[in-house]
Amino acid sequence: MDWLVSTAEFLVNEILSQPAYLIGLITAAGLIALKKSAGQIVGGAIKATLGFLLIGAGATLVVGALAPLGEMIQGSTGAHGVIPTNEAIVGIAQEQYGARVAWLMILGFAISLLLARFTPLRYVFLTGHHMLFMATLLTMVLAIAGQSSWVVVVVGGVLLGILLVAMPAFAHPWTKRVTGNDSVAIGHFGTAGYIAAGATGQLVGRRSRSTEEMDLPEGLRFLRDSMVATALSMVLIYLIMSLVFLGKVGKEEAFKAFGENGAAGAGGVGDYVMQSVMQGLQFGIAVAVILFGVRTILGELVPAFQGIARKLVPGAVPSLDAPIVFPYAQNAVLIGFISSFVGGLVSLGLLAWIFHPAFGLALVLPGLVPHFFTGGAAGVYGNATGGRRGAALGAFVNGVIITFLPALLLKVLGAFGEENTTFGDADFGWFGTLVGYAAKTGETGGVVLMLLIGVAVLLGAIVVQKRVVETGWDPGARRDALLPPDPDRAAEKVPAAAGSPVAYAKIAPPRGAPKPPPPPDART
């Protein structure tokens, strides 16, 4: 049986957990189904793979650019606690549960394809690393609760398969508002935060203009370039926090902030300040790389996906990673990041003041990376339904969610709760907590409760799909009606596809943003 375990671990760790390879294979399969030439198949698969590698390269640059800033913030505020980092907790857990994670993930992905084929939830989840993260979380909470290995793999696989098709459905009314059609869905386990941001935008931003329509003075026209605006904003944040940190801890300690990964620390105050400026500029480059990767992947994957969808899951919609929505409202990404981070700081204060003393909840420090990716996406969702106010307040709500939910999740992680890290995104928090407490009720009772949770999520998603998504409900329609007519306003109506009962309103993406092709039946 060792060869089976080794094979499963190879498939998960070397292929399915690598989103670039997974996307390349899916693209190749789609092009084969479309009967493209060998050159087109190889070229399309490689280009799609490179697109995802660009996203990964940009994410690495983001992490590197934010690392010193995180140290400065922690040193300035004196806060200590848990820093949510998905990759860190998964790496720790893999040493103990690697084989079970492998089988659970393979079974879960297979079940998700069956559900996509035979239920109205026609979503195929293509974010491989998030599949791995959720598979690891489910393995951990079930194993820690004392469930046997077969229960961990089988029940965990069923739950994972359900989530892979259900979460894109829950978010899809808001995703359509962002993208304007059904070509792509969100496949990222920060979905609860994105839904909350979109709903918040509906409540607070009915007359608020889009973040992409900000009227800047002539002297500030250069800020219309999102890469410039992002870099400049991060430079200002870095400068402020670096000076506060310098005043708080002194030169000797402050200069060490730039000594990570074998690099020498700052050599003086001038060097320290200029390294802060450089880190802010590097952040702007990182965001530009991510956006280019998204455009590359969409250009190859979406057309190719039509082929595989027709063969395996007719009418399927690819569910992709959170940065897939970044190009549709690039100013909102930055606003969302900052607002989500502020929400994390406010929530940290509440944890320290009220919830830690009263309920023993851990102090969850706002990790800059999860706040950038989930906060940025939340800003786009909030902007789509509530403009500038929606982007800011919706992302703030996301920041609160991804601070409190990880604190609750730590209660079911047993000894792993002492590792000073945990899962950071919203869906890991609420689903892991529910399943963890259900698993603790015993093997028979736990299995029943966990399956009931899964069935409830699946049925809820089917109801949303049939009664909300397929009926064409637009969460931003009321806002569109309240905004005064303006020919220069960057909003447009997307013509309905042939046979479709409605047309969807959307915030027009900025110049150069990816525009997924229309559904096959709408093509000429």
Side-chain angles (χ1 to χ4, degrees), residues 104-105 107-125 127 130-131 133-145 147 150-175 185-196 198-199 317 319 401-402 404-406 408-409 411-413 423 425-471 473 475:
L104 191 156
M105 181 174 173
L107 178 61
F109 188 60
I111 290 174
S112 74
L113 292 179
L114 290 175
L115 291 173
R117 177 65 179 84
F118 296 109
T119 73
L121 306 176
R122 306 290 190 181
Y123 303 98
V124 178
F125 199 98
T127 310
H130 262 242
M131 278 192 275
F133 295 164
M134 184 59 77
T136 304
L137 170 64
L138 291 171
T139 300
M140 290 170 65
V141 296
L142 268 64
I144 290 168
Q147 299 291 340
W150 78 267
V151 171
V152 171
V153 172
V154 175
V155 176
V158 171
L159 294 176
L160 176 61
I162 290 172
L163 282 186
L164 294 181
V165 296
M167 300 315 297
F170 285 126
H172 206 52
W174 290 272
T175 303
I186 193 75
H188 188 273
F189 288 124
T191 305
Y194 309 147
I195 294 173
V317 179
S319 302
I401 289 173
I402 65 172
F404 277 96
L405 287 181
L408 293 173
L409 178 62
K411 293 288 188 178
V412 299
L413 290 184
F423 293 89
D425 301 335
D427 298 336
F428 298 119
W430 72 265
F431 195 70
T433 302
L434 284 178
V435 171
Y437 279 113
K440 289 183 176 181
T441 60
E443 183 158 314
T444 302
V447 168
V448 172
L449 282 177
M450 288 187 289
L451 291 178
L452 286 175
I453 291 172
V455 169
V457 171
L458 181 63
L459 292 178
I462 291 174
V463 170
V464 169
Q465 179 69 26
K466 298 297 291 183
R467 298 189 178 182
V468 180
V469 176
E470 294 181 7
T471 59
W473 176 68

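All figures in this text were calculated on a predicted structure; none of them were measured in a lab. In what follows, residues are counted from 1 in the order of the sequence shown.
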> Once rounded to the nearest 0.5 Å, what's the spacing between atom OH of Y194 and atom CZ of F189?
11.0 Å
> When you measure from the side chain of D425 to the backbone N and O of I402, does any donor-acceptor pair fall under 3.5 Å?
no
> Would you say T433's side chain and W430's backbone share a donor-acceptor pair under 3.5 angstrom?
no
> Please verify the inter-ring angle class for Y123 with H172; under 30° counts as parallel, over 60° as perpendicular, anything in between as tilted.
perpendicular
> Between Q465 and P120, which heavy-atom pair has the shortest distance, and what is it?
CG-O, 3.6 Å
> Taking C-beta and beyond as the side chain, do M131 and S112 meet within less than 4.5 Å on heavy atoms?
no
> To the nearest 0.5 Å, how far apart are CG in L138 and CZ in F133?
14.0 Å
> Apply ring-ring contact (aromatic ring centres under 6.0 Å, His included) to residues F431 and F423 and explain how you reach the verdict.
CA-CA 11 Å; F431 195 70; F423 293 89; over 10 Å; no
> Work out which heavy atom in A166 is nearest to a heavy atom in V457; give both atom names and the distance.
CB-CG1, 3.7 Å
> Heavy atoms only: give me the nearest I453-A438 pair and the separation to one decimal.
CD1-CB, 4.0 Å
> Can you check whether G442's main-chain N or O pairs, donor with acceptor, with Q147's side chain at less than 3.5 Å?
yes
> Closest heavy-atom contact between G193 and A426?
N-CB, 3.8 Å
> How long is the straight-line distance from CZ of F109 back to CG of L104, given to the nearest 0.5 Å?
14.0 Å
> Can you name the closest pair of heavy atoms from W174 and A199 and give their distance?
NE1-N, 3.8 Å
> Give, for atom CE of M167 and atom CD1 of I162, the distance between the pair rounded to the nearest 0.5 Å.
12.0 Å
> What's the spacing between Y437 OH and M450 CE if we round to 0.5 Å?
15.5 Å
> Could you check whether any side-chain heavy atom of D427 comes within less than 4.5 Å of a side-chain heavy atom of L163, counting everything from C-beta outward?
no
> Do the side chains of L137 and L409 get nearer than 4.5 Å, heavy atoms only?
yes
> Would you say that V435 contacts L142 through its side chain, given a criterion of any heavy-atom pair below 4.5 Å between the two side chains?
yes
> Report yes if some heavy atom in the side chain of V412 is under 4.5 Å from a heavy atom in the side chain of I144; otherwise report no.
no
> Of all the heavy-atom pairs spanning A185 and T175, show the shortest one and how long it is.
CA-CG2, 4.1 Å
> Is there a donor-acceptor contact under 3.5 Å from the side chain of T127 to the main chain of G187?
yes
> On the 0 to 90° scale, with breaks at 30° and 60°, tag the F428-H130 ring pair as parallel, tilted or perpendicular.
tilted
> Compare all side-chain heavy atoms of L458 with those of L121 and state whether any distance is below 4.5 angstrom.
yes
> Distance check, rounded to the nearest 0.5 Å: L413 atom CG versus L408 atom CG?
11.0 Å
